[in-house]
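Only this structure's heavy atoms are used, side chains among them; waters, hydrogens and symmetry mates stay out.
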Amino acid sequence: MNRVHLNRFALGDGLGWHHDNSEFFFNLLLQQSPSGGKFEFVPNSEGDMAKVRTALQSVVPDGFVHSEPEELAPGGALLFCGRRSMHRVTPVADDALPRMTAILNFASEPGGGIIEEYTRRKFFGRSLQQG
Ligand SMILES: O=C(O)CCC(=O)C(=O)O
Ligand SMILES: [Fe+2]
């Protein structure tokens, strides 16, 4: 395992479409929002610009975007290859409960899949590195 982080998505928070640079992650759902805050993905989009462009359009064909299973409840988990399949978290639309996840990222080589300074700041708003 190369990295662990906790995500908390409150009202209006989401995460845009992206591919991860880790090999895969274990995503433990701690709390789900009643509305929005859904994990969505486009299977096998890595290197497929047509799929990437389609996902970025406002209207996508039926069945193009997949979602985490409806029955995934807090305490449930996903094993996901975020390098291979573009994914996002839709904005949370309810201020009663934030979506909260614990993400364990795995790399096959020591030091692999480390996220760069720019991405750390964009994702997390801060970084341990100075400057
Ligand atoms: O919090 C989630 O459910 C997914 C987060 C994610 O895609 C990531 O941390 O790279
Ligand atoms: Fe991700």
Quick check on the hydrophobic clustering: are Leu56 and Val42 connected, directly or via other members, by side-chain heavy-atom contacts under 4.5 Å?
yes
Any donor-acceptor pair under 3.5 Å from Ser22 side chain to Ala107 backbone:
no
Working to the nearest 0.5 angstrom, can you tell me the gap between Ile103 CD1 and Leu78 CG?
8.5 Å
Considering only NZ, NE, NH1 and NH2 on the basic side and carboxylate oxygens on the acidic side, decide whether Glu23 and Arg83 come within less than 4.0 Å.
yes
If you take all heavy atoms of Leu6 and Ala102, which pair is closest and at what distance?
CD2-CB, 3.6 Å
Could you measure the distance from the CG atom of Asp13 to the CZ atom of Arg8? Nearest 0.5 Å is fine.
8.0 Å
Please check if the side chain of Gln31 supplies one atom and the backbone of Pro74 the other of a donor-acceptor pair under 3.5 Å.
no
Nearest-0.5 Å distance, CG of residue Leu79 to CG of residue Asn27:
9.5 Å
Rounded at 0.5 Å granularity, tell me how far CE in Met100 sits from CG in Leu29.
9.5 Å
Side chain to side chain contact (heavy atoms under 4.5 Å, CB included) evaluation trace for Phe9 with Leu15:
CA-CA 9 Å; Phe9 299 91; Leu15 195 56; 4.0 Å; yes
I need the Phe24 CZ to Ser85 OG distance, nearest 0.5 Å.
14.0 Å
Shortest non-hydrogen contact from Glu40 toward Trp17
O-CZ3, 3.7 Å
Taking Lys51 for the side chain and Pro43 for the main chain, is one N or O donor matched with an acceptor at less than 3.5 Å?
yes
Looking only at heavy atoms, the pair that brings Gln32 and Leu97 closest together is O-CD1, 3.7 Å
Is there a path of hydrophobic side-chain contacts, each under 4.5 Å between heavy atoms, that joins Leu72 and Val65?
no
For Leu104 and Phe25, what are the C-alpha separation, side-chain angles and deciding distance, and is it a side chain to side chain contact (heavy atoms under 4.5 Å, CB included)?
CA-CA 5 Å; Leu104 279 58; Phe25 65 61; over 6 Å; no
Looking only at non-hydrogen atoms, find the nearest pair between Thr54 and Pro61 and report the distance.
CG2-CD, 3.7 Å
Is there side-chain contact between Asn105 and Phe26, with at least one heavy-atom pair below 4.5 Å?
no
Residue pair Ser35 / Asp94, side-chain donor-acceptor N/O under 3.5 Å:
no
Examine the side chains of His18 and Asp20 and answer whether a donor and an acceptor come within less than 3.5 Å of each other.
yes
Would you say that more than 12 heavy atoms from the other residues, nucleotides or ligands in this model lie under 6.0 Å from the CD of Gln57, or not?
yes
Over all atoms of both residues, closest heavy-atom pair of Gly37 and Arg99:
O-NH1, 2.9 Å
Correct closest heavy-atom pair for Ser33 and Val92 would be OG-CG1, 3.4 Å
Enter the distance from Asn44:CG to Arg84:CZ here, rounded to the nearest 0.5 Å.
6.5 Å
Can you classify the ring geometry of Phe41 versus Phe80 as parallel (below 30°), tilted (30 to 60°) or perpendicular (above 60°)?
perpendicular
Is the CZ atom of Arg3 crowded by more than 12 outside heavy atoms at less than 6.0 Å?
yes
